[in-house]
There are 2 protein chains.
Amino acid sequence: MTDLLPPIQTTARDDAVLKALAGFVRQEGLGPGEKLPTERILAERLKVSRNTVREALTRWEGLGLVERRQGSGTYLKAAVSPDMLHMPLTLAGGNDFAGLMATLEIRRALEAEAAALCAIRAGKAELAEIERKLDVMEEAFQTRAGMSSEEDWEFHQAIFRASGNPLFEQIIAAMYEMFHRFWEHPLGVRDFGHASFPYHRTIFNCIAARDPEGARAEALKLIATVEDDLKRGAANLKLSDRR
Amino acid sequence: MTDLLPPIQTTARDDAVLKALAGFVRQEGLGPGEKLPTERILAERLKVSRNTVREALTRWEGLGLVERRQGSGTYLKAAVSPDMLHMPLTLAGGNDFAGLMATLEIRRALEAEAAALCAIRAGKAELAEIERKLDVMEEAFQTRAGMSSEEDWEFHQAIFRASGNPLFEQIIAAMYEMFHRFWEHPLGVRDFGHASFPYHRTIFNCIAARDPEGARAEALKLIATVEDDLKRGAANLKLSDRR
DNA sequence: AATGGTTCAATGGTCCAACCAATTTCCGCA
DNA sequence: TGCGGAAATTGGTTGGACCATTGAACCATT
């Protein structure tokens, strides 16, 4: 006998509030940036205490769905729908080098799969878009004699978007901040990112040739070079700390 | 000029409460499963209202760090530290078949990478743990003449855990609910999961042999069979709908 | 001795009413 | 018309009260 007989759910006021609120947002067609009703109004309409409303909104705020501005109101920060799946990721000691490597491993996993899917699914328009981003990136590389994080990022984003699965882009976007905190301070590695440059073109070639496994392999190589760069940077940093 | 000059924080009571609480947990050496002080005690010690304490704990609860049980107390669900990095991720939709396939693609990406990392990093103890789960799963398979979702899941979880990167397990854990909603209702495919069975052993063999790329390849094959099963199930379902 | 019922204190969940602090609105004055 | 300050609005905090659930201790029946 396994666990049939799941624990029953008796009270879940604030959860109900969130569901109702999500329904309201959908019905009103509210989008990011728009203001939702006052806490006091919500409390009155839903026939619950303002306190309960606040607990519910606090959860949404913690999840980054909503922003509260004292004296002004509560504003949507993202699209909400009644059937959302929440996936809070927490990285203990997320400010250190190990945390960056952890996110990079996730990125490698997603980048490889997205490239493979992209090789299968990307339409003509999407393919052209990716190549355009690639050209811009290569142009920037030549001009400034080095990797440019912004253009590089846009290239990868285009691949994620063309994978046909929005989850890739969403997960990576959640980690964007982490990547770029280090990206902007390349740990003393002067030619940071140089090694990864050629793989952008090879990945695109595989995608254009409809070669999923090739694309996957090239993406893996690309992230490997970034990882190497970072490790080298960390070693340098440790060295200069000792100085 | 970018966004240096972050907005100053005049009032951030509940944030301060969380920081203080995280410090307390560290100082006391509290781990997952252990009980936190009462809300009333926290309020008194921190010289804030109980309501403020509750707002703070609500945030942690929303982030899955803590579990509150009425009448019992508040318990840690994960390790917390003062310097945590939160990456809350909410996925829109996902209750339909397309959503399931989307999450499955994420799972394939992570499963492949985790298996590869595991082949590199898993220690002796972790290797033994994985094999134990595998034995249990195979035992269940023989006895009940079919895949058992619980034991299967534990096997995969052990691999994620041994990957040395906590993010893998966190992401997958968040999707667990989604997978199992369908797993329990195998869409009419009677021998659902049968096809994936042998790959569990081959994955383990590659990991034990310290063959990352082999493990990655086997993991990809495993998910591919699950995908096929699901697609077959969906086709059956559509067929029976027409009936 | 074991099982089941009762009581009771502890604890999270909810409510209320008031006040504080930041923001926005608006009105009167120059 | 433009501007400065009062007033209304809105989220943030407080304190106190009561409800609902839990779990332990105790008691009664078998």
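Just so it is clear: chains get the letters A, B, ... in the order the sequence lines come, proteins before strands, and each one is counted from 1.
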**Q.** Whole angstrom value for the distance that separates P of C:dT11 from OH of B:Tyr75
**A.** 9 Å
Q | Whole angstrom value for the distance that separates P of C:dG13 from CZ of B:Arg69 | A | 11 Å
Q | Flag if over 12 foreign heavy atoms under 6.0 Å of CZ, B:Arg201 | A | yes
Q.
Does anything in residues 48-56 of chain B come within less than 4.0 Å of DNA chain D? Heavy atoms only, and list the residues if so.
A. B:Val48, B:Ser49, B:Arg50, B:Asn51, B:Thr52
Q.
What is the separation between atom CG on A:Asp14 and atom C1' on C:dG13, rounded to the nearest whole Å?
A. 9 Å
Q. Would A:Arg54 and A:Asp14 pass as an ion pair if we require N to O under 4.0 Å?
A. no
**Q.** B:Glu44 side chain vs B:Ile41 backbone, donor-acceptor pair below 3.5 Å
**A.** no
Q | Ion pair check, B:Glu67 and B:Lys77, cut-off under 4.0 Å | A | no
Q: Compute both the distance and the angle, then confirm whether A:Arg69 meets the cation-pi test with A:Tyr75: under 6.0 Å from the six-membered ring centre, within 45 degrees of the axis.
A: yes
(Q) I need the residues from residues 27-44 of chain B with at least one non-hydrogen atom less than 4.0 Å from DNA chain D; give them sorted by number, or say none. (A) B:Arg40
Q | Atom-to-atom span, CD of B:Gln70 to C1' of C:dC15 - whole angstrom | A | 14 Å
Q. Looking at B:Thr74, does any N or O in its side chain come under 4.0 Å of the phosphate oxygens OP1/OP2 on C:dG12?
A. yes
Distance-only criterion, 3.5 Å: show the donor-acceptor pairs between side-chain atoms of residues 27-36 of chain B and protein atoms not counting sequence neighbours.
residue : atom : partner : partner atom : Å
B:Glu34 : OE2  : B:Gly31 : N            : 2.9
B:Lys35 : NZ   : B:Ser72 : O            : 3.3

Q) Looking at CG of B:Leu57 and OG1 of A:Thr58, how far apart are the two atoms once the value is rounded to the nearest 0.5 Å? A) 11.0 Å
**Q.** Criterion salt bridge (charged side-chain N to carboxylate O under 4.0 Å, His left out) against B:Glu154, the qualifying member of B:Lys133, B:Arg132, B:Arg161
**A.** B:Lys133
